[in-house]
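Right, one structure below, let's go through it.
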Protein chains: 2
Amino acid sequence: MASTLADVAARAGVSTATVSRVLNGNYPVSAATRERVQRALEELSYVGNAPARALAAHSSDVIGVIVSDVSDPFFGIQASGLQWEAADSGLLAVICNTAGSPAAELKYLRLLLGQRMRAIVLTGGGSDEPEHLDATAALIDQAQSAGTGVVLCGRPAPPGVEAPVIAYDNRGGAQALTRHVLALGHRRIAYVAGPPGHGTTRSRLEGHRAALADAGLGDGAAPVVHGDFSRASGFDAALELMRVASGSTAVVVANDLMALGVIAALRQHGVAVPAEVSVAGFDDLPAAVDAVPALTTVRLPLREGARRAGRIAAGAEPLTAPGRMLWMPAELLARESVAPPGAGLPQWPPR
Amino acid sequence: MASTLADVAARAGVSTATVSRVLNGNYPVSAATRERVQRALEELSYVGNAPARALAAHSSDVIGVIVSDVSDPFFGIQASGLQWEAADSGLLAVICNTAGSPAAELKYLRLLLGQRMRAIVLTGGGSDEPEHLDATAALIDQAQSAGTGVVLCGRPAPPGVEAPVIAYDNRGGAQALTRHVLALGHRRIAYVAGPPGHGTTRSRLEGHRAALADAGLGDGAAPVVHGDFSRASGFDAALELMRVASGSTAVVVANDLMALGVIAALRQHGVAVPAEVSVAGFDDLPAAVDAVPALTTVRLPLREGARRAGRIAAGAEPLTAPGRMLWMPAELLARESVAPPGAGLPQWPPR
DNA sequence: ATGAAAGCGCTAACAA
DNA sequence: TTGTTAGCGCTTTCAT
């Protein structure tokens with residue numbers, strides 16, 4: 001059986017209160033007593049009982065992190081950054097995968113609420129649906145009034161909630177990217193978007209359209225198909241584009257994972273990138289630079305953003321910026337997968 | 001303030017014990033009472049206090065997972081699998097990144113011990129050093145006798161500990177891989193190993209050497225340099241090999257991440273893969289198939305292994321196999337990055 | 001500077 | 001079937 005505070009107190013010949021004091025170091029204790037207690041702690045190789053502590057002190061030393069899927073590098077990188085920062089403050093991090101399901105998100109929010117977490121960090125661009133937003137807002141409210149901090153990383157605060165948010169410039173990055181594609185001379189640009197009703201999908205699509213509009217291009221020249229941010233869905237999207245958007249000389253994709261899928265599909269169909277068709281991604285995942293051709297994309301400071309979120313969640317850094325929002329800039333990375341227009345997407349199946 | 005069991009009990013006109021009973025559903029309660037309690041629960045939108053529950057019941061509903069770094073897909077995939085499986089049993093998962101540091105591993109083991117976790121899963125091939133192994137064994141022992149289950153995923157149990165282990169066939173996979181390279185006619189094969197003193201490094205290197213020995217090749221023909229499993233270290237390793245192992249016609253690498261780094265370095269130096277030099281990896285990360293040429297590698301069922309580990313940790317599946325060990329087979333994936341011998345590694349810098 | 005004691009919110013005997 | 005009650009191991013007034 002593990003030893004308790006009382007065991008240590010008995011062994012050191014002091015009260016449990018004193019042991020608690022030397023443990024927490026938040027109260028004066030004479031050097032001599034501290035010494036004795038320390039020894040007793042050692043001798044019994046005492047390990048505190050976190051749940052008991054949490055119950056008595058109304059404060060836990062773990063933060064909750066909600067992501068879509070840690071095995072997706074976009075979230076893995078953020079989860080990692082968050083965890084490191086939490087550890088620096090002596091906190092543990094529980095990671096929850098929602099697979100993008102709003103219901104799962106609410107479920108986890110409730111579970112984490114029950115754990116009386118120190119803080120909860122919501123990453124990724126959750127659903128845009130009003131009901132979901134409302135439900136989320138209610139839960140966040142409940143968390144906050146129970147003393148659980150909430151920080152949003154990569155998504156806006158639902159209407160009515162007041163919380164720190166780390167905002168990635170999805171719109172600006174997407175606009176810069178499409179502007180770059182346009183500058184190279186493309187006029188028929190297909191777009192592979194994320195899932196409908198998703199915040200990130202919307203922002204990136206908006207940026208893309210803004211660039212087209214700036215160039216005097218209507219949406220007619222810009223067919224859009226949707227994927228779900230996975231590589232496989234990018235592959236399928238490319239096939240669909242060959243049916244509905246043949247002739248497009250560039251495919252701008254809402255994230256790198258899908259862009260990789262698009263490139264794989266094109267390669268499989270003998271379409272040269274970028275000679276015949278240019279492809280652009282978004283996120284600058286580690287794999288983007290190893291792709292051949294190296295993927296033109298937009299870098300988002302995911303690790304840095306997550307670290308800031310972690311520090312704020314841990315209470316190690318206040319977020320005093322106006323609107324309690326930290327704006328993380330996007331950076332265009334022009335590599336080889338985007339070049340001047342070539343032959344364009346073939347029609348598939350041929351007719 | 002959040003409402004408590006007592007609040008609910010008062011509102012439903014029953015005792016807290018009754019409320020606890022309907023909550024846990026492990027004890028008969030009349031339909032009528034249950035009804036009233038349920039309503040009270042709803043009306044107060046009751047959210048249980050997990051720490052209090054853990055304290056009273058001596059059982060938590062979270063499992064701890066120790067990985068090297070979730071942002072490394074090798075671990076991200078496993079963390080994801082574990083989390084999903086845990087969720088199926090209603091458990092939360094805390095993820096700890098050690099960056100491969102034995103000290104960090106011990107630190108987290110202690111922290112998790114303090115949390116009185118339901119179980120702890122150790123992934124990756126920790127350090128081989130006897131002192132570390134002993135310290136780990138002691139902590140695992142402490143955890144087990146405190147009722148915290150321990151499962152090892154991808155690493156052997158330290159000497160003296162009795163715990164379920166999910167074993168990936170690193171040795172067999174490595175042997176099959178090098179055998180494949182040999183079968184294609186290579187005789188001068190360089191090897192990029194993982195960090196020294198690491199279990200996985202050792203197993204894979206053993207398999208590699210066993211294949212060489214089978215082919216009657218001594219270690220003389222097989223220079224080995226060490227990396228740390230990161231892409232950057234693979235890049236550096238390739239540069240070093242061009243100094244110390246020029247003429248090698250193939251480079252077998254201990255994992256895909258480093259193999260990608262090797263390929264990038266070779267490309268940068270104008271060395272064609274596989275025409276001049278073949279390169280093989282290990283793990284079959286998602287990025288392996290998008291590399292050009294597609295990476296010849298060994299697939300490890302990481303997700304499946306982690307799921308099993310998760311189920312065992314959650315108590316949803318017993319591990320009754322002999323030795324409490326589940327053997328996960330490796331599968332050779334012969335793709336394009338390994339071909340018959342070419343010119344071999346150039347000398348660099350040239351002289 | 002230290003101790004005594006009253007909880008924190010819940011579970012689990014034990015009674016009834 | 002339901003209630004009473006004694007903890008679980010720790011923190012934190014309030015005394016001393």
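Letters A, B, ... mirror the listed sequences (proteins, then strands); counts begin at 1. Because the structure is predicted, anything quoted here is derived from the model rather than measured.
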task: Take the C1' atoms of the five end pairs on each side of the helix from C/dA1-D/dT16 to C/dA16-D/dT1, get both axes, and report the angle to 10 degrees.
output: 30°
field: Trace of the side-chain contact (heavy atoms from CB on, under 4.5 Å) decision for A/Leu23 with A/Tyr46
entry: CA-CA 11 Å; A/Leu23 244 22; A/Tyr46 172 80; 3.7 Å; yes
B/Arg21 atom CZ: more than 12 heavy-atom contacts under 6.0 Å: yes
task: Can you run down the salt bridge (Lys or Arg N to Asp or Glu O under 4.0 Å) pairs that involve residues 76-104 of chain A, sequence neighbours left out, and say none if there aren't any?
output: A/Glu85-A/Arg307, A/Glu85-A/Arg311
- prompt: How about B/Leu92 and A/Tyr108: do any of their side-chain heavy atoms sit closer than 4.5 Å?
  reply: yes
- request: Locate the shortest heavy-atom distance separating A/Ser71 from B/Arg303; write the atom from each residue and the value.
  value: OG-NH2, 3.2 Å
N/O (side chain, B/Ser30) to phosphate O (OP1/OP2, D/dT2) under 4.0 Å: yes
query: How close do A/Leu302 and A/Tyr168 get, heavy atom to heavy atom, and via which atoms?
result: O-OH, 3.3 Å
- line: Residues in residues 39-64 of chain B with a heavy atom under 4.0 Å of DNA chain D, by number, are B/Leu55, B/Ala56, B/His58
- prompt: Taking only N and O in the side chain of A/Thr4, is any of them less than 4.0 Å away from OP1 or OP2 of D/dG9?
  reply: no
query: Shortest non-hydrogen contact from A/Ala2 to B/Arg116?
result: CB-NH2, 3.9 Å
Report, one line per pair, each donor and acceptor closer than 3.5 Å where one atom sits in a side chain of residues 150-160 of chain B; sequence neighbours left out.
residue  : atom : partner  : partner atom : Å
B/Arg155 : NE   : B/Gly124 : O            : 2.8
B/Arg155 : NH1  : B/Glu105 : OE2          : 3.0
B/Arg155 : NH2  : B/Glu105 : OE1          : 3.0
B/Arg155 : NH2  : B/Glu105 : OE2          : 3.4
B/Arg155 : NH2  : B/Thr123 : O            : 3.3

Between CG on residue A/Leu111 and CE on residue A/Met117, distance to nearest 0.5 Å: 9.0 Å
- request: Tell me, please, the opening and closing nucleotides of DNA chain C, 5' to 3', among those with an atom under 4.0 angstrom from a non-hydrogen atom of chain A.
  value: C/dA1 to C/dG9
Any donor-acceptor N or O pair under 3.5 Å, side chains A/Thr148, A/Arg118: no
message: Rounded to the nearest 0.5 Å, what separates atom CD1 in A/Ile66 from atom OG1 in A/Thr136?
response: 9.0 Å
task: For B/Glu42, look at atom CD and say whether over 12 heavy atoms of other residues, nucleotides or ligands are found less than 6.0 Å away.
output: no
- request: Could you list by number each residue of residues 16-26 of chain A showing a heavy-atom separation from DNA chain D of less than 4.0 Å, or answer none if no residue does?
  value: A/Ala17, A/Ser20, A/Arg21, A/Asn24
- prompt: Would you say the side chain of A/Ile95 lies within less than 4.5 Å of the side chain of A/Val67, judging by non-hydrogen atoms?
  reply: yes
